[in-house]
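Written out below as C-alpha cells is the structure these notes cover.
For the numbers below, each heavy atom of this structure counts, side chains included, while hydrogens, waters and symmetry mates do not. Labels below follow one simple rule: chain letters A, B, ... track the order of the sequence lines, proteins then strands, and each chain is numbered from 1.
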Amino acid sequence: MNITDVDDKIIRNSAHDGVTVQQYTARFTKAFLEDSATLSIERPILVRATEHINEMADFIAGLEKKGFAYRTEDGSYYFRIAKFPAYGQLSKKDFAGMADGARVDVDEYEKDSARDFALWKAPKPGEASWETSIGPGRPGWHIECSVMSMEKLGPSFDLHAGGEDLIFPHHENEIAQSEAMTGQQFAHYWFHARFLLVEGQKMSKSLGNFFTVRDLILRGHKPSSIRWLLTQVPYRNQLNFTFDGLKAAASSVEKLRNFRFRLTSAQFPAGSTSAIAQLANETIARINSALDDDLNTAEAQAAMFDMLRKANTALDAMEVRQDDVRPLLGAMDQFDEIFGVLKDDDQPKMKAILDWARAEGREKEISPELLEIAGSAQFSDEQVNKKLAEMESERKSRNFNASDALRAELTAAGIIVENTKDGVRWRRK
RNA sequence: GGCGCGGUAGCCAAGUGGUAAGGCCGAGGUCUGCAAAACCUCUAUCGUGAGUUCGAUUCUCACCCGCGCCUCCA
C-alpha cells in the first residue's frame, strides 16, 4: 500500500504544526493501521513517498529523456499529455474537444498545456525540499504511486485498488506516467470502491454524519458488526451505512456464530450422512463462484445463510452425525477467511479502544453499551463455570427461582446461558 | 452543463427476457419450567411514462430523484 506522505496540504499543515512531513503523516498512518486491525484487515506492506524521492527523480529524468516530461524555467517538471494519446481512457474522458488554456493558474504560466500535470515542483521557501539528480524540489502528486508500485510489483501487475474519487485525475495520471515510461500496460484491472452514504446522505463533517471506526465503537458497536455491514454490499455499489443496518449486521453475525457454536458444542451420533457433506460442498462452490463474479459478497453471504438454514433444519431433525460436523465447519472457515467475523475478538478490541478513549480524555463519548461489552470480562471462565454448575444443580432440584436469579446475574455480566437437550452451554455477549 | 453509476418489500440488499436471493425487523406457530437458540408460515410485481417483444423488473427512449468525477482538495 502506497502512502503519499508529502503533498501540498501535508506541507502546509506540518509547517503549521512545526513538525516534519514524516512526523505529521506518521500519526495518520498509525491511526489507519490501528483502525484496519480493529476491522481485522490484514496489515499491508507500506511504502512511503518520502522514502522514494531519488527513485522518483530518476523516473522523471527517464520520462524527460523519452520526451514525455519537460522542465520549466523554475526547475519544475510536467508531464506532456499531448504525447500520450491514450490519456483519459480510464475515466472515459475525451479531451480532444476541450479548449486548451481556458483556465490557467497564475502559478502555471510555464506549462505547455493547462492539462499537463506536475511531476516535480521546484522548491519554495519554507517548504520541504530534496536535493536530487534533477535538482532540488519535491515530487508532485501521482509520481510516487507509479514509482512505488513498480518497485514492488514490477512494470505490469494485476490489480490496482483505490476509491472511486481517484479515477480522475490520479489513476489516469499514474497510467500515463507509467506506460509512457515502460511501454507496458500498468495495471490489468482497476478496483474502484464506491463511497458510502450515511443514513442516505453523503458523509460530511458539516452534516454531522462523519464517523470514524473509533466513533462507532465508542457508541458500543462491535468491530464485527461494522465489518459485516461493510462487506454486505458489493464494492462496486454504493453502500448506505445506517445505524439500523449496524444493528442488523450484529444480528446476522450472531446467527453465524450461534450456528458455529451449536456445531462445536452439541453431541452427535457417530457416522456421517452424504447429504450434509454435499450441502457443505455445494455451499463452498457457490461462495467461490459468487466471489469470482466480480466479488459478489452479497451472493456469497446468501449462500452461507442458505447452508445455515438447511443445516439447522437437519440439526433440529437429529439428522446430523459426528463426521458431518467437519465439512460444515470447513465451509464456515473458508467463508470466514474472506468475511472474518466468526472469530469473536470483539471484546478485547473494544477494550483497547475504551482504554484509548480514557487516555485521550474522551470519557464523555464512552457509551453504556461499550462499557457493558468491553467490561463483560468481570467473570472469568472458571467463575462462569462455577456459577453454571450451581445453576444446574438448582434446576435439577427444580429450585427455579434460585436458578433464574443466577441466570439473571450472568446475563447482566454479558454471559448468555442456554439450556439445550445436550446440556447447558454459554457464551459471552 | 459534460461523463459515469444507481433507484427492488418497514429497513439493508442480490438478481434474471418468462412472473423476484439473502439478512434484519414485525406477526402467527412448533419446541420449551423460565430464558435463549433453532425451525415453519406470512409481508414486493422491481422510480414514473412510453416503446420493442408472445412475454420486461431485466432491452430502448424520455422524465423525476440520489451519488461521484469534471480543481496542484483529499
Side-chain angles (χ1 to χ4, degrees), chain A residues 4 7-12 28 76 78 88 90-95 97-98 103 105 107-108 111 114 116-119 121 138-142 163-173 192-197 199-203 225 228-229 232-234 236-259 261-262 265-266 286 290 293 296-317 391 395 398-401 403-405 407-408 410-411 416-422 424-427:
Chain A
T4 299
D7 70 11
D8 291 339
K9 197 173 175 184
I10 291 168
I11 287 168
R12 179 163 25 92
F28 295 105
S76 295
Y78 291 92
L90 178 72
S91 51
K92 296 174 190 155
K93 289 183 191 302
D94 178 14
F95 295 102
M98 288 193 184
R103 135 174 159 191
D105 210 299
D107 257 9
E108 301 170 23
K111 285 205 285 187
D116 288 354
F117 58 90
L119 295 162
K121 300 186 185 192
R138 62 184 177 89
W141 181 38
H142 314 307
E164 59 172 332
D165 56 326
L166 296 176
I167 295 171
F168 187 89
H170 185 52
H171 292 160
E172 199 71 73
N173 292 352
H192 289 115
R194 289 213 68 180
F195 280 174
L196 49 69
L197 298 176
E199 304 288 349
Q201 291 185 292
K202 84 192 232 186
M203 182 159 86
S225 308
W228 185 260
L229 180 55
Q232 247 181 337
V233 181
R236 203 184 272 280
N237 298 347
Q238 193 166 39
L239 161 77
N240 186 13
F241 188 98
T242 67
F243 285 96
D244 282 348
L246 255 189
K247 287 183 205 144
S251 298
S252 297
V253 172
E254 267 300 293
K255 186 169 186 167
L256 292 165
R257 288 180 181 174
N258 281 339
F259 176 69
F261 186 60
R262 187 177 188 184
S265 64
R286 197 175 147 200
D293 183 14
N296 190 338
T297 49
E299 165 64 17
Q301 294 182 349
M304 180 44 65
F305 279 111
D306 280 338
M307 183 187 95
L308 239 65
R309 194 184 57 254
K310 287 172 185 162
N312 269 323
T313 301
L315 283 161
D316 283 355
M391 193 178 135
R395 286 186 69 234
R398 303 194 71 78
N399 293 328
F400 292 125
N401 285 338
S403 78
D404 285 353
R407 182 195 295 283
L410 289 166
T411 302
I416 295 167
V417 181
E418 297 178 2
N419 297 94
T420 72
K421 51 183 173 297
D422 294 313
V424 65
R425 65 183 191 185
W426 67 276
R427 60 195 155 88

Polar side-chain contact A/R407-B/A35 base: donor and acceptor under 3.5 Å: yes
Side chain of A/Q232 (C-beta onward), nearest among B/C34, B/C12, B/C73: B/C12
A/N173 CG - B/A74 P separation (whole Å): 14 Å
Atom-to-atom span, CG of A/L315 to C1' of B/A38 - whole angstrom: 9 Å
Donor-acceptor pair (no angle test) under 3.5 Å: A/R236 side chain, B/C5 base: no
C1' atoms of B/A37 and B/A74, separation to the nearest Å: 47 Å
Selected nucleotide, minimal atom distance to A/K202 side chain, candidates B/G68, B/G33, B/C24: B/G68
Minimum-distance pair of heavy atoms, taken over all atoms of A/V233 and A/L239: CG2-CD1, 3.3 Å
Value rounded to 0.5 Å, distance of NZ in A/K310 from CG in A/L315: 14.5 Å
Touch class at under 4.0 angstrom, heavy-atom based, for A/A298 against every strand present: base
Euclidean distance, atom CG of residue A/N240 to atom P of B/C5 [Å, nearest integer]: 21 Å
A/N296 vs B/G15: side-chain N/O to OP1/OP2 distance below 4.0 Å: yes
Closest listed nucleotide, where the reference is the side chain of A/D165 and the choices are B/A74, B/A35, B/G23: B/A74
Under 4.0 angstrom between A/S251 side-chain N/O and B/C25 OP1 or OP2: yes
Side chain to side chain, A/H192 and A/L90, heavy atoms closer than 4.5 Å: yes
Integer angstrom distance from the P of B/A13 to that of B/C67: 15 Å
Integer-rounded Å distance: B/G23 C1' and A/R309 CZ: 11 Å
Gap between atoms CE and P, on A/M391 and B/A36 respectively (whole Å): 13 Å
Donor-acceptor contact below 3.5 Å, side chain A/E299 vs main chain A/R286: no
Shortest side-chain distance from A/A302, nucleotide among B/A35, B/C70, B/G22: B/G22
Sugar-phosphate, base or nothing in reach of A/E418, heavy atoms under 4.0 Å: base
N/O donor-acceptor pair, side chain A/R395 with base B/G33, under 3.5 angstrom: yes
Spacing of CE belonging to A/M391 relative to CZ belonging to A/F400, to within rounding of 0.5 Å: 10.5 Å
Mutual orientation of the aromatic rings belonging to A/F305 and A/W228 [parallel < 30°, tilted 30-60°, perpendicular > 60°]: perpendicular
5′-ward residue of the pair A/D293/A/R138 relative to RNA chain B: A/D293
Nearest-angstrom distance, P atom, B/G6 to B/U16: 12 Å
Sugar-phosphate, base or nothing in reach of A/L166, heavy atoms under 4.0 Å: nothing
Residue-phosphate contact under 4.0 Å: A/N312 side-chain N/O, B/C39 OP1/OP2: yes
Closest listed nucleotide, where the reference is the side chain of A/P234 and the choices are B/C67, B/C69, B/A14: B/A14
Of the listed nucleotides B/A14, B/C40, B/A38, the one nearest the side chain of A/D316: B/A38
Closest heavy-atom pair and its distance - A/A249, A/S225: CB-O, 3.4 Å
Rounded C1' spacing from B/U57 to B/U8 in Å: 8 Å
C1' atoms of B/G68 and B/A20, separation to the nearest Å: 29 Å
Distance in angstrom units between A/L239 CG and B/C5 C1', rounded: 15 Å
Nearest-Å distance once atom P is located in both B/C25 and B/C40: 16 Å
A/E172 side chain to A/G88 backbone, donor-acceptor under 3.5 Å: yes
Nearest-Å distance once atom P is located in both B/C61 and B/G66: 22 Å
Whole angstrom value for the distance that separates P of B/C24 from CZ of A/F241: 18 Å
Face-to-face contact A/F400 to B/G33 six-ring, under 5.5 Å, under 30°: yes
Dot-bracket line, read 5' to 3' along RNA chain B, where crossing pairs take [ ] and | marks a partner on another strand, Watson-Crick or G-U under 3.5 Å: (((((((..(((.........))).(((((.......)))))....(((((.......))))))))))))....
Closest to the A/A248 side chain, choosing from B/C24, B/A37, B/C40: B/C24
Position toward the 5' end of RNA chain B (nearest nucleotide), A/N258 or A/R286: A/R286
Main-chain N/O of A/S403 paired to A/R395 side chain as donor or acceptor, under 3.5 Å: no
Candidate nucleotides B/C40, B/C67, B/C34, ranked by approach to the side chain of A/L197 - the nearest: B/C67
C1' atoms of B/C65 and B/A56, separation to the nearest Å: 22 Å
Presence of A/K255 side-chain N/O under 4.0 Å of B/A37 phosphate oxygens OP1/OP2: no
Atom-pair distance (CG on A/L196; P on B/A13), nearest Å: 11 Å
Gap separating the CG atom of A/L196 from the OG1 atom of A/T242, nearest 0.5 angstrom: 11.0 Å
